[in-house]
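Take a look at the structure below.
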Amino acid sequence: MTITAAQIQSASQALRSVLRFDYPADSVLSRYFRDLRELGARDRAFVAEAVYGVLRRLRTLERLCGEDVSTRKLVLAWLARVEGLTLRQLGDGLHGRDTDFFTQVKGREIGELSFAESADLPDWLAERLLASRSEAEVLALAQSLNRPAPLDLRANSLKLDRDALVEKLRADGIACAPGRYSPLAVRLEGKPALQKHPQFLDGSFEVQDEGSQLLGFLLQPKRGEMVVDFCAGAGGKTLLLGALMRNSGRLYAFDVSDKRLSKLKPRMARSGLSNIHPVVIASENDPRVKRLAGKIDRVLVDAPCSGLGTLRRNPDLKWRQSPEALAELTVKQAAILASAARLVKPGGRLVYATCSILPEENEAIVAAFLEANPGFVALSAEEVLGKQGIEIACGEQLRLTPADHDTDGFFAAVLERQG
Ligand SMILES: C[S@@+](CC[C@H](N)C(=O)[O-])C[C@H]1O[C@@H](n2cnc3c(N)ncnc32)[C@H](O)[C@@H]1O
């Protein structure tokens with residue numbers, strides 16, 4: 001890696017905006033790159049890698065920088081201590097004071113770290129995780145969340161099967177392999193740009209984490225059924241559900257965000273699915289939701305959550321979330337689950353899922369729901385998946401983590417309304 005002084009300067013500038021935490025890191029970076037068109041592809045790649053790298057290890061790097069911390073020092077400390085570069089490898093990238101700091105930080109003793117510092121987590125989050133896991137488990141989880149995520153695709157089974165997709169990609173020189181759990185998953189070895197790939201444009205695949213795909217198999221919608229994806233967003237899971245239904249029946253995609261839902265439309269067009277009906281709702285109590293009460297075979301609640309299971313992709317979330325925001329989210333999650341449950345017909349299935357790793361957003365929401373709704377019973381996620389040939393030793397509820405499954409962190413519970 002050769003790094004220029006200008007690249008370090010740009011990374012330090014971009015990091016300054018990101019660390020204000022006013023907006024998500026990915027949108028701050030996109031804006032930074034939009035405003036600085038003169039940056040080449042390599043410069044952008046370096047800036048993004050440096051910003052995400054520092055966000056992942058912020059507490060450790062702050063400790064290494066000492067009192068007089070700056071974004072420039074954080075980038076240099078990341079290069080020296082996380083990337084393990086030497087002064088010689090940096091070539092012309094450093095001058096004067098930077099060289100002195102780089103040399104010092106390379107050899108600096110970090111001293112004693114608190115548990116949260118050593119896990120690069122905020123104190124409150126380390127505490128919450130330790131309530132249900134040992135220190136060794138939390139550390140392994142935090143470290144796995146600090147590694148960049150691989151790129152997974154989902155074959156659109158309406159267009160071609162997974163093995164055919166693997167073959168086509170390999171023929172194009174894209175190294176990939178079938179996923180470990182989802183029958184539709186393909187894991188890529190690198191991170192090629194795929195937006196213009198013919199198989200992307202003709203809807204043969206979508207980018208979707210393998211863990212996220214498993215949630216569709218937990219809902220297991222069938223041909224001709226009435227299905228609701230209650231928090232559809234841009235439709236990552238909706239598209240999978242539509243394909244599992246073989247483009248038949250009726251699949252409502254609800255969301256309160258018109259902006260997110262509008263991103264589903266071009267994806268629907270590519271996918272060849274015509275059974276999806278996107279509906280913007282005002283809230284979980286919208287009259288359009290109430291009209292479907294008791295009529296739906298399967299309902300997926302992919303609830304708004306802290307997103308802490310996706311730290312591999314969004315490392316800023318651990319610094320942007322707070323106990324206060326979390327408390328508000330859990331109230332919302334319980335309200336959405338209660339409303340969505342009213343749609344389910346007797347004998348129908350309800351899946352509650354999040355991309356969070358915190359029990360208060362997961363197990364606690366489901367336990368309170370079951371207590372208040374004795375007409376629902378829990379099914380075993382392991383059995384539901386096992387019957388579809390997906391072997392995963394998860395027991396009753398699905399808990400995926402990058403440490404254990406090399407997927408994003410997900411939670412899901414499968415519930416059934418008694419007939
Ligand atoms: C985890 S995201 C969904 C991601 C999406 N299912 C996917 O696979 O791409 C949660 C979604 O819930 C939506 N949401 C928030 N409050 C809601 C509510 N009261 N009713 C329905 N959807 C809501 C958010 O706009 C957001 O798009």
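In this text the structure is predicted, and so the values were computed from the model without any measurement.
- Within the 3.5 Å criterion, the main-chain N or O of L218 finds a donor-acceptor partner in the side chain of R349.
- With values rounded to the nearest 0.5 angstrom, L29 atom CG is found 9.0 Å from S17 atom OG.
- We find the CG-CG distance between L251 and D297 to be 11.5 Å, quoted to the nearest 0.5 Å.
- For the residue pair R56 and P315, the shortest heavy atom distance occurs at CG-CB, 3.8 Å.
- Every residue was checked against the salt bridge (Lys or Arg N to Asp or Glu O under 4.0 Å) condition with R417, not counting sequence neighbours, and none meets it.
- Residues satisfying the ring-ring contact (aromatic ring centres under 6.0 Å, His included) test with F102, not counting sequence neighbours, are none.
- Not counting sequence neighbours, the partners of Q418 by the side chain to side chain contact (heavy atoms under 4.5 Å, CB included) test are V377, E416.
- Put simply, the side chain of L74 reaches to within 4.5 Å of the side chain of L19, judged on heavy atoms.
- Using a 4.5 Å cut-off on side-chain heavy atoms (C-beta onward), L398 and L385 make contact.
- In this structure, the side chain of E210 engages the main chain of Y181 through a donor-acceptor pair within 3.5 Å.
- Rounded to the nearest 0.5 angstrom, N373 CG and L370 CG are separated by 7.5 Å.
- For R288, the salt bridge (Lys or Arg N to Asp or Glu O under 4.0 Å) test picks out D286, with sequence neighbours left out.
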**Item:** side chain to side chain contact (heavy atoms under 4.5 Å, CB included) evaluation trace for Y252 with L292
**Value:** CA-CA 10 Å; Y252 290 100; L292 293 172; 3.9 Å; yes

**Message:** Show, in sequence, the C-alpha distance, side-chain angles and deciding distance for R180 and D152, and conclude whether the salt bridge (Lys or Arg N to Asp or Glu O under 4.0 Å) test is met.
**Reply:** CA-CA 11 Å; R180 191 159 133 207; D152 290 343; over 6 Å; no

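- Taking the ring-ring contact (aromatic ring centres under 6.0 Å, His included) definition, one finds that F376 meets it with F369, sequence neighbours left out.
- With N362 contributing its side chain and F411 its backbone, the two residues share no donor-acceptor pair below 3.5 Å.
- In terms of modelled atom types and a separation under 3.5 Å, the side chain of K295 and the main chain of R291 share a donor-acceptor contact.
- At a threshold of 4.5 Å between non-hydrogen side-chain atoms, the residues Y52 and V18 do not count as touching.
- Side chains of V51 and V28 form no contact here, defined as non-hydrogen atoms less than 4.5 Å apart.
- Side-chain atoms of D408 and T310 form no donor-acceptor pair, as typed in the model, at a separation below 3.5 Å.
- Around atom CD of E396, more than 12 heavy atoms belonging to other residues, nucleotides or ligands sit under 6.0 Å away.
- For the atom pair OG (S118) and CD (Q143), the distance works out to 8.5 Å, reported to the nearest 0.5 Å.
- Heavy-atom minimum distance, G216 versus L244: O-CD1, 3.6 Å.
- Counting only residues at least two apart or on different chains, the salt bridge (Lys or Arg N to Asp or Glu O under 4.0 Å) pairs with a member in residues 124-138 are R128-E360.
- Under the 4.5 Å side-chain criterion, counting only non-hydrogen atoms from C-beta, R59 is in contact with D123.
- For the residue pair N156 / S271, no side-chain donor-acceptor distance below 3.5 Å is found, with atom types taken as modelled.
- Within the 4.5 Å cutoff, side-chain heavy atoms of R250 are placed close to those of M226.
- For K168, there are no salt bridge (Lys or Arg N to Asp or Glu O under 4.0 Å) partners at least two apart in sequence or on another chain.
- Contact check for R246 versus S157: side-chain heavy atoms found under the 4.5 Å cut-off.
- In this structure, the side chains of R170 and C176 come closer than 4.5 Å at one or more pairs of heavy atoms.
- Here the closest non-hydrogen pair linking A282 and V256 is O-CG1, 3.8 Å.
- Under a cut-off of 6.0 angstrom, the local environment of CZ in F115 is crowded, with over 12 non-hydrogen atoms contributed by other residues, nucleotides or ligands.
- The backbone N or O of V105 lies less than 3.5 Å from a partner atom in the side chain of R81, making a donor-acceptor pair.
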Atom pairs and distances, donor-acceptor, side-chain atoms in residues 331-341, under 3.5 Å, two or more places apart:
{"residue": "K332", "atom": "NZ", "partner": "E284", "partner atom": "OE1", "Å": "3.1"}
{"residue": "K332", "atom": "NZ", "partner": "E284", "partner atom": "OE2", "Å": "3.3"}
{"residue": "Q333", "atom": "NE2", "partner": "P304", "partner atom": "O", "Å": "2.9"}
{"residue": "Q333", "atom": "NE2", "partner": "E361", "partner atom": "OE1", "Å": "3.0"}
{"residue": "S339", "atom": "OG", "partner": "E284", "partner atom": "O", "Å": "3.4"}
{"residue": "S339", "atom": "OG", "partner": "N285", "partner atom": "OD1", "Å": "3.0"}
{"residue": "S339", "atom": "OG", "partner": "R342", "partner atom": "NH1", "Å": "3.4"}

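- For residues 220-231, the salt bridge (Lys or Arg N to Asp or Glu O under 4.0 Å) pairs, not counting sequence neighbours, are E225-R298.
- Relative ring orientation between F230 and F254 is described as perpendicular, the plane-to-plane angle rising above 60° on a 0-90° scale split at 30° and 60°.
- The backbone N or O of L64 lies less than 3.5 Å from no partner atom in the side chain of K73, so there is not a single donor-acceptor pair.
- A donor-acceptor distance shorter than 3.5 angstrom exists from the side chain of K318 to the backbone of D120, with no hydrogens or angles considered.
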Got a list of side-chain donor-acceptor pairs under 3.5 Å for residues 193-201, not counting sequence neighbours?
{"residue": "H197", "atom": "ND1", "partner": "Q199", "partner atom": "N", "Å": "3.1"}
{"residue": "H197", "atom": "NE2", "partner": "D172", "partner atom": "OD2", "Å": "2.8"}

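- Nearest heavy-atom pair across P402 and L145 is CG-CD2, 3.5 Å.
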**Derivation and outcome, side chain to side chain contact (heavy atoms under 4.5 Å, CB included), residues L358 and L125** = CA-CA 9 Å; L358 290 175; L125 181 52; 3.9 Å; yes

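- Taking every heavy atom of both residues into account, N247 and G272 meet most closely at ND2-O, 3.3 Å.
- Using a distance-only test at 3.5 Å, with no hydrogens or angles considered, no donor-acceptor pair links the side chain of R260 to the main chain of C231.
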**Asked** Given the rule in the side chain to side chain contact (heavy atoms under 4.5 Å, CB included) test, do L165 and K159 qualify, once you have shown the distances and angles that lead to the verdict?
**Response** CA-CA 10 Å; L165 177 60; K159 302 243 173 177; over 6 Å; no

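- Judged by distance alone, the side chain of E189 and the main-chain N or O of P150 form no donor-acceptor pair under 3.5 Å.
- Between A116 and A126, the closest heavy-atom pair is CB-CB, 3.7 Å.
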**Request:** Begin from the C-alpha positions of L121 and V138 and carry the test side chain to side chain contact (heavy atoms under 4.5 Å, CB included) through to its verdict.
**Result:** CA-CA 10 Å; L121 295 171; V138 174; 4.1 Å; yes

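- With sequence neighbours excluded, the residues satisfying side chain to side chain donor-acceptor pair (under 3.5 Å) with Q208 are R154, S212.
- When only modelled atom types and interatomic distance are considered, D255 and S257 share no side-chain donor-acceptor pair under 3.5 Å.
- Heavy-atom contacts from other residues, nucleotides or ligands closer than 6.0 Å to CD of E112 number 12 or fewer.
- For S10, the side chain to side chain contact (heavy atoms under 4.5 Å, CB included) partners are Y32, L39, V47, not counting sequence neighbours.
- Although no hydrogens or angles enter the test, the distance criterion places a donor-acceptor pair under 3.5 Å between the side chain of W319 and the main chain of L55.
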